[in-house]
2 protein chains.
Amino acid sequence: MPGDIVRPSPMYKQLADRLAEAIAEGEYEPGSVLPSETQLMERYSVSRPTVRSAIAELRSMGLVESQHGKGSFVRAHGLPAAVIERTITRSGKSFALGWPAEEVELPAVTRGEAAGIAATLLDRSDEAVFITDRLLADPTTGARAAHRTLIPFAVAEEIPSLAKHPDAEPVDIYAELAAAGHTLTWTETVTARTALPDERADLNLTDGIPILITYRVTASADGRPLILEELRVSADRARLTFRISTE
Amino acid sequence: MPGDIVRPSPMYKQLADRLAEAIAEGEYEPGSVLPSETQLMERYSVSRPTVRSAIAELRSMGLVESQHGKGSFVRAHGLPAAVIERTITRSGKSFALGWPAEEVELPAVTRGEAAGIAATLLDRSDEAVFITDRLLADPTTGARAAHRTLIPFAVAEEIPSLAKHPDAEPVDIYAELAAAGHTLTWTETVTARTALPDERADLNLTDGIPILITYRVTASADGRPLILEELRVSADRARLTFRISTE
DNA sequence: TATCATTTGTTCGTATGTATC
DNA sequence: CGATACATACGAACAAATGAT
């Protein structure tokens, strides 16, 4: 419908759009500081709350990062540095992952029940599972990742070594499963969402940066899921790569 | 250091955390409405701006969605419905993708230069490329995706049919490349970020929902990148799956 | 070291507009 | 129409971090 009468968009959004455009065009370069709130008030003849709302928009878009007492700085953008290679390599009976991350804390093992997404992907509702949590870090870039392993009790009963050491490294668990006669297949599901407060702390996240989440299901040849791994990482610090082959 | 003296966190954050916790524990169920701003003001003895800041936090976390004149509603969360299967299948000389999406608009072809991330992944800086943009939709869920193909001029010169029809479907481009004698390999890189304003409109995004971005590089056997595809999709509506095989 | 100006962060109050029922 | 709800915008005051004097 051409000629529609539209309300003007709010002033704070207009200001946010202008600043975003200026950033995109390189008028404010990455690392440089935006004009102060007082300067923006005067330059655009708006109140301080309006300026602050506009900058809040830019923050939530991940375009700027504000520092108390200093100013709001334009964020550098580009492909995240840390590359998490999701390919699994196998030589004989042993497996290897492409991301040689270090453990920041000792693994923590708890028992719980598969629920929500985990239950859906494991195809086991309300079943008891071993949960192992790890906090990992890429030694070169410092990128952090939260890793979780879910082992259903039924699987642990079938393979006692898993019940004994549910906090074994994923590659070792693969080896145990293979040794128990399973022909392993993997499916990985990737999604993203905004971080919750506790995740912000664990993963060193800044405002406006989502987390990438991958769920890796290790299944037997018949497609029955055996274990589930979940990896959460800052989308700003790390990216995931997959090698794809035709089937 | 136990017993550290810490500044109390801001009231609006405390309130946001409490509400977020209440949502996580199911006190406010998905689809239900939060108490009104006035009610929250009275219940927690804070001012209206404080309540609004708290709700803005919840919005940016993707936990609630506010509707003018009605209230703030708890968002349903879980695994996104639309599954985008990134596997490539091959039968003889023809290829197929796992996501039979429909085109919402006709593909738009432009010419440009590889820059930024695209240049990095294509390993060709400032080289002229054909750019083809598509707006796709999953027919069953309605999830939308923005797809872009980058074909370097150098590759198009080598294979004239590509220069003639740079807007060919990806699977057809694969077939052309294979017919020209290339043994194709694919690498996919996944990242995520908060959407820019124009992306919000194209992809029907709501506040606090990031976009998933995948870059698929089609390379020759020697590893030289031939073409680049970029797919952007709402992390709330769609998820990506990969099949992983040991090498 | 101490102080001060600058800058962002938090919190209040108030008024008005606009969508929904 | 009116009541309720969220959205926008202004003003004011003080707190806290920073960097220079």
Side-chain angles (χ1 to χ4, degrees), chain A residues 4-20 23 28 31-75 197 200-201 205-208, chain B residues 4-20 23 28 31-75 197 200 206-208:
Chain A
D4 259 10
I5 294 175
V6 292
R7 273 191 320 116
S9 84
M11 292 195 297
Y12 77 91
K13 272 189 185 158
Q14 291 182 44
L15 179 52
D17 286 350
R18 276 216 224 182
L19 293 173
I23 291 171
Y28 301 116
S32 72
V33 64
L34 246 50
S36 78
E37 296 178 354
T38 315
Q39 288 173 320
L40 290 173
M41 284 172 61
E42 291 165 355
R43 187 174 308 178
Y44 295 100
S45 305
V46 292
S47 70
R48 176 127 183 263
T50 301
V51 168
R52 285 190 60 76
S53 301
I55 294 179
E57 284 276 297
L58 299 180
R59 258 201 309 272
S60 79
M61 287 191 280
L63 290 179
V64 306
E65 193 168 349
S66 299
Q67 288 182 41
H68 196 159
K70 297 183 72 174
S72 291
F73 295 81
V74 179
R75 288 176 55 90
R200 306 209 88 77
L205 289 185
T206 51
D207 251 0
Chain B
D4 257 8
I5 293 175
V6 291
R7 269 192 323 115
S9 84
M11 291 196 294
Y12 77 92
K13 274 190 183 159
Q14 291 182 43
L15 179 52
D17 286 351
R18 274 216 223 181
L19 293 172
I23 290 171
Y28 302 115
S32 71
V33 64
L34 245 50
S36 77
E37 296 179 354
T38 316
Q39 287 172 320
L40 290 173
M41 283 170 63
E42 291 165 355
R43 188 174 307 178
Y44 294 101
S45 306
V46 291
S47 72
R48 181 100 190 275
T50 301
V51 169
R52 284 190 61 76
S53 303
I55 294 179
E57 285 275 297
L58 300 180
R59 256 201 310 273
S60 79
M61 284 192 277
L63 289 179
V64 305
E65 196 167 347
S66 300
Q67 289 183 41
H68 198 153
K70 296 181 72 175
S72 292
F73 295 82
V74 179
R75 289 177 55 91
R200 306 208 88 75
T206 52
D207 251 0

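Below, chain A is the first sequence line, B the second, and so on; all start at residue 1. Here the structure is a predicted model, which means the values were calculated and not measured.
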Atom pairs under 3.5 Å, N or O on each side, protein against nucleotides 18-21 of chain D: can you list them with distances?
unit_1	atom_1	unit_2	atom_2	d
D:dG19	OP1	A:Lys70	NZ	3.3

Subject >> Reported OG-to-CD1 distance for the pair A:Ser32 and A:Ile23, which is rounded to 0.5 angstrom >> reply: 8.0 Å
Original post:
Roughly how far, to the nearest 0.5 Å, is OG1 of A:Thr50 from CG of A:Leu15?
Top reply: 8.5 Å
Subject >> Five-pair end axes of the helix from C:dA2-D:dT21 to C:dC21-D:dG2, angle between them (10°) >> reply: 10°
Original post:
Roughly how many Å is it from CD in B:Glu42 to P in D:dT4, rounded to a whole number?
Top reply: 11 Å
Original post:
Please give, in whole Å, the distance from D:dA7 P to B:Glu65 CD?
Top reply: 11 Å
**OP:** Whole angstrom is fine here: how far is it from CD in B:Glu57 over to C1' in C:dT11?
**Re:** 15 Å
Original post:
Starting at NZ of A:Lys13 and ending at C1' of D:dA9, how long is that distance when rounded to a whole Å?
Top reply: 14 Å
**OP:** For the pair A:Arg75 (side chain) and A:Glu65 (backbone), establish whether a donor and an acceptor sit closer than 3.5 Å, ignoring hydrogens and angles.
**Re:** no
Subject >> Approximate separation, where rounding is to 0.5 Å, of B:Thr38 OG1 and B:Arg48 CZ >> reply: 6.0 Å
Original post:
Of A:Asp17, A:Val74, A:Leu19, A:Asp207, which meets side-chain contact (heavy atoms from CB on, under 4.5 Å) against A:Leu58?
Top reply: A:Leu19
Subject >> Heavy-atom closest contact (A:Pro197 atom, B:Met61 atom, distance) >> reply: CD-SD, 3.7 Å
Pull out every protein N or O sitting under 3.5 Å from an N or O of nucleotides 12-14 of chain C, one pair per line with the distance.
unit_1	atom_1	unit_2	atom_2	d
C:dC12	OP2	B:Ser47	N	3.2
C:dC12	OP2	B:Ser47	OG	2.8
C:dC12	OP2	B:Thr50	OG1	2.2
C:dC12	O5'	B:Ser47	OG	3.3

Subject >> Nearest heavy atoms of B:Thr206 and B:Arg200, plus distance in Å >> reply: O-NH2, 2.9 Å
Subject >> Distance in Å, B:Met11 CE paired with B:Ser53 OG, rounded so as to fall on 0.5 Å steps >> reply: 10.0 Å
**OP:** Find the distance B:Arg52:CZ to C:dT10:C1' and express it as a whole number of Å.
**Re:** 16 Å
**OP:** Walk me through it: do B:Tyr44 and B:Arg18 pass the test side-chain contact (heavy atoms from CB on, under 4.5 Å)?
**Re:** CA-CA 11 Å; B:Tyr44 294 101; B:Arg18 274 216 223 181; 3.5 Å; yes
Original post:
So B:Arg52 and B:Glu37, salt bridge (Lys or Arg N to Asp or Glu O under 4.0 Å) or not? Walk me through it.
Top reply: CA-CA 7 Å; B:Arg52 284 190 61 76; B:Glu37 296 179 354; 2.8 Å; yes
Original post:
D:dC6 P sits how many Å from B:Met41 CE, rounded?
Top reply: 11 Å
Original post:
Roughly, in whole Å, what's the span from CG in A:Leu15 to C1' in D:dT8?
Top reply: 14 Å
**OP:** State whether B:Tyr12 places a side-chain N or O below 4.0 Å from either non-bridging phosphate oxygen (OP1 or OP2) of C:dT11.
**Re:** no
Original post:
What's the shortest heavy-atom distance between A:Ser9 and A:Gln14, and which atoms?
Top reply: O-NE2, 2.7 Å
Original post:
Separation of B:Gln14 atom CD from C:dT11 atom P, in whole Å?
Top reply: 8 Å
